[in-house]
Amino acid sequence: MRFITNKEIAQLLRAVSAAYSATGGDRFKIIAYDNAADSVEHATSELKDLWEENKLDSVPGLGKSIQSHLDELFKTGNVKHFDEVMKNLPPGMFELLNIGGLGPKSAYKLAKELQVKNVKDLENAAKKGKIRNLAGFGPKSEQDILSAIEELNLKPQTRYTLPFAYGVADNVLSYLRQHKDCDRAEPLGSLRRMVATVGDIDIAVASENPKGIIEHFKKFPQIKRILDAGERKSSVLLFNGIQVDLLVQPTHAFGALLQHFTGSKNHNVHLREIALKNKMSVSDYGITIKGKLNEYKNEHQFYRALNMDYIEPEMREDTGEIEAATKGTLPKLVKVEDIKGDIHLHSSFAIEPSHDLGQNSFEEIIEKAKSLNYEYIGLSDHSPGFSTHSKQQIVDLIKQRTDKIEQLKNSTKQIGILNLLEIDILNTGEISVPEEGLKLLDGAIAGIHSSHRQDKKSITKRLLNACENPHVKVISHPTGRLLLQRESYDANWPAVFEACKNTHTMLEINAWPSRLDLPDALVREAIKYKVKLIINSDAHEVSQMENMPFGVSVARRGWATKENIANTLPWVEFKKMFDV
DNA sequence: GCCGTTTTCGGCCCGACTGTTTTCAGTCG
C-alpha cells in the first residue's frame with residue numbers, strides 16, 4: 001500500500017475535527033482532534049514507521065481511540081469511523097476551510113446551501129450575490145469572502161524563512177517606532193521563538209495610547225487590506241501576502257503581553273491550566289489571584305509569579321519546559337557569545353569542486369573570523385568532483401591546497417586554522433576522497449549531496465559508513481532538508497546517533513537559514529544520546545558567516561547547553577578532536 | 001477524545017474582533 005505521510009494524516013485529523021465542529025459536536029473532542037493533528041505534524045518520525053514498531057503511543061495527543069483509527073488506516077488505507085463522521089457532510093466544505101475567515105460552520109453552511117464543490121464555485125456564487133441572502137451572511141461577509149479567495153490565489157507560499165520574515169518585521173517595527181507614543185515595539189510569536197519557518201508576523205507595542213498606535217498602524221503604506229482593527233489589536237495583510245498581527249498594551253503591564261504573544265499556543269494553554277489548579281487565572285493582561293489582577297513589567301516577574309523559573313522563548317513549545325521550570329531543572333542554553341569558531345567555510349580556492357565554490361579568499365575569511373572574535377576556523381571547500389577527476393588528480397589538488405593552508409597556518413598566529421574539506425558521501429556509501437587525500441587533511445566534513453531520495457535503509461547505511469571513517473569528524477547538514485523546497489530524507493536516527501557517539505563524530509547544526517539542519521527536535525534527541533554537536537555557518541561568502549545566530553537558535557530550541565556544542569571549546573581543547 | 005503523584009472520572013485557557021444580530025456566534029490567535 002502507498003505510504004501515508006504525517007502531513008496527510010494531520011490533514012485527515014483536521015477534517016474530522018472540522019466535521020465534528022460543523023455538526024455541533026463535542027467541543028473537547030474537536031480540540032482533541034486538532035491537538036492530535038498538530039502533534040502528528042510536529043512528530044520527528046513518520047507515524048507509519050512508529051506504527052510498524054508498535055510505538056504510536058509515544059506521540060502525545062494520540063490516545064487509545066485515535067491510535068486504533070490509525071491502526072485501521074495503516075492496515076486498510078481507510079477509517080470507517082471517519083467515513084461515518086463525514087458521511088452526511090458536503091465534501092466541498094473541506095476545501096473552503098482554506099479561505100481566511102471561514103471556519104467549519106460557515107464552510108458547512110455555504111457548501112450545503114449553495115451546493116458548491118470547491119473554492120472556484122464559491123467565488124462564482126459570491127460574484128452572483130448569492131451569499132448575502134443566506135441567513136447569518138450579508139453583503140460585507142460576501143465581499144470578505146471574495147477578498148479572501150483572491151488572496152488565497154495570490155499567495156505565493158504560506159511560510160517564510162527567518163531572515164525574510166525578520167526583514168519584513170523590521171520594516172513594520174521601524175514604522176511603528178516613529179509614533180511618539182510607542183515606548184517599545186517587539187517581534188514576537190514564532191519569530192521570537194526562532195521557529196525554522198514563520199507563517200505570519202506578530203508584533204507587540206508598549207504604549208499608553210493603544211488607539212493612537214492602532215490608527216498609526218492602519219496607515220502603514222504596505223497594507224493591502226485591514227483584516228480587523230479594534231481598541232488594542234489589529235491584523236492586516238501586506239501586499240507581499242504576509243499577515244501582520246499587532247497587540248498594544250501599557251508599558252507597566254507589558255510583561256504579560258510579551259509572554260502571551262510569544263506563545264506557543266500549547267505553552268500558554270498548559271501554563272494557564274497549571275495556574276487554574278493553583279487558583280490563579282492567566283491572560284495577556286496579567287495574572288488574577290483572588291479576584292485581583294496583578295500586572296508585570298517583564299516576563300521574569302511573570303514566570304516567578306507562577307512559581308517557576310524564567311523560560312527562554314525558544315523552549316516555549318510545551319515539550320516539558322514548564323515541568324522543568326517548576327522543578328528548577330531547565331538547562332542553561334548555549335548562547336551566541338559561547339561560539340568560538342566556525343569550521344564549515346567555503347573559499348574561492350580553485351579546487352575544481354563537486355559543488356559551489358565560495359566567493360572569498362582564505363585571507364578574507366580569516367579577517368572576517370577575527371572580526372567575529374573567533375579563536376579558530378576550518379577551511380572546508382567541497383572536494384574535487386569525483387566523477388570528473390581521477391583519484392590522482394584529486395590528491396594532487398588537495399596537495400596544492402594543503403601547501404597554501406600550511407603557509408597560512410605559519411603566518412597567522414592569532415587564529416587557529418584547520419585544513420578540512422567537505423566531502424561527499426556517495427550513493428554507494430563510499431567517500432569522494434581517497435585515503436591518500438584524506439591523510440593530507442586535518443579532518444573531513446562529510447555530507448550527503450546526491451541521491452536524497454534513497455530509502456531509509458540506504459541513507460542510514462551511507463551515514464553510518466561516513467561515521468566509521470576515522471578521518472570524518474563531522475556530518476554536515478545531516479537530514480538534507482531545504483526549508484520550503486525539499487523534505488528531509490528519512491534515516492534511522494537512533495542508529496546514527498549511536499554511531500556518532502561511538503565514533504566521536506560530530507553532527508552539524510547548519511546555520512544556513514534554509515537548512516537549519518539538524519532540525520531542533522532531532523537536536524534534542526541527539527543530546528539524549530550524548531552526541532557532540534557543532535554549529536557551522538556553511539558560508540560561501542564572508543557576510544554569511546553572520547548567520548551563526550540562526551544555528552545557535554536551533555541548538556537552543558533543541559535544549560542544547562554549551563557543553564553539548566563542540567565549537568564552544570577554546571582552540572587548545574577543540575583542536576584535539578582533529579588530526580593535528 | 002485526551003490526560004493524570006492532589007484524579008482512571010471530571011476536568012479541558014482566555015480574550016478580541018466582526019457582522020449580523022437585537023444579545024451573540026463564529027473565527028482567530
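The chains referred to below are lettered A, B, ... by the order of the sequence lines, with proteins before strands, and numbering in each begins at 1.
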Examine [N]: is either OP1 or OP2 under 4.0 Å from a nitrogen or oxygen in the side chain of [X]? Give yes or no.
X        : N      : value
A/Tyr108 : B/dG26 : no
A/Lys29  : B/dG1  : yes
A/Ser106 : B/dT27 : yes
A/His270 : B/dG4  : no
A/Ser281 : B/dC13 : no
A/Gln243 : B/dG29 : yes
A/Lys105 : B/dG26 : yes
A/Lys265 : B/dG29 : no
A/Tyr33  : B/dC2  : no
A/Ser141 : B/dT20 : yes

Please classify the nucleic acid contact of [X] as base, sugar-phosphate, or nothing, using heavy-atom distances under 4.0 Å.
X        : answer
A/Leu271 : nothing
A/Arg27  : nothing
A/Leu247 : nothing
A/Ala229 : sugar-phosphate

Atom pair OG (A/Ser65) and NE2 (A/His69), whose distance is rounded to the nearest 0.5 Å: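 Between atom OG of A/Ser65 and atom NE2 of A/His69 there are 3.5 Å.
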Between NZ on residue A/Lys109 and CG on residue A/Leu102, distance to nearest 0.5 Å: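 Those atoms lie 11.5 Å apart.
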4.5 Å side-chain heavy-atom contact, A/Leu247 and A/His260: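 A side-chain contact under 4.5 Å exists here.
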Student check: side-chain heavy atoms of A/Arg192 and A/Pro187 closer than 4.5 Å: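 Sidechains of A/Pro187 and A/Arg192: no contact.
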Taking atom [atom1] in both [N] and [M], compute the distance separating them and give it to the nearest angstrom.
N      : M      : atom1 : answer
B/dC12 : B/dT18 : C1'   : 27 Å
B/dT21 : B/dT27 : P     : 15 Å
B/dC3  : B/dT8  : C1'   : 10 Å
B/dT6  : B/dG1  : C1'   : 23 Å
B/dG10 : B/dT23 : P     : 36 Å
B/dT20 : B/dC9  : C1'   : 40 Å

Pair assignment for B/dC12, Watson-Crick or G-U wobble, requiring both distances under 3.5 Å: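 Its partner is B/dG1.
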Please report, rounded to the nearest Å, how far the [atom2] atom of [N] is from the [atom1] atom of [X].
X        : N      : atom1 : atom2 : value
A/Leu257 : B/dA16 : CG    : P     : 12 Å
A/Asp284 : B/dC13 : CG    : C1'   : 11 Å
A/Asp245 : B/dT27 : CG    : P     : 18 Å
A/Met93  : B/dG26 : CE    : C1'   : 13 Å
A/Ile145 : B/dG26 : CD1   : P     : 15 Å
A/Asn278 : B/dC13 : CG    : P     : 15 Å

Sole candidate of A/Ile509, A/Leu518, A/Val523 that passes side-chain contact (heavy atoms from CB on, under 4.5 Å) when paired with A/Ile535: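 For A/Ile535, the side-chain contact (heavy atoms from CB on, under 4.5 Å) check succeeds only for A/Ile509.
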Nucleotide of B/dG15, B/dC13, B/dC2 approaching A/Ala32 most closely (side-chain heavy atoms):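 Given the options B/dG15, B/dC13, B/dC2, the side chain of A/Ala32 is closest to B/dC2.
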Per A/Tyr285 side chain, nearest of listed nucleotides B/dA16, B/dC2, B/dT20: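 Selected nucleotide (nearest to the side chain): B/dA16.
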Heavy-atom pair with the smallest gap, counting every atom of A/Ala10 and A/Val40: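 Looking at all heavy atoms of both residues, the shortest contact is N-CG1, 4.2 Å.
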Distance-only side-chain donor-acceptor flag, A/Asp38 / A/Asn266, under 3.5 Å: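 Result is no, nothing qualifies.
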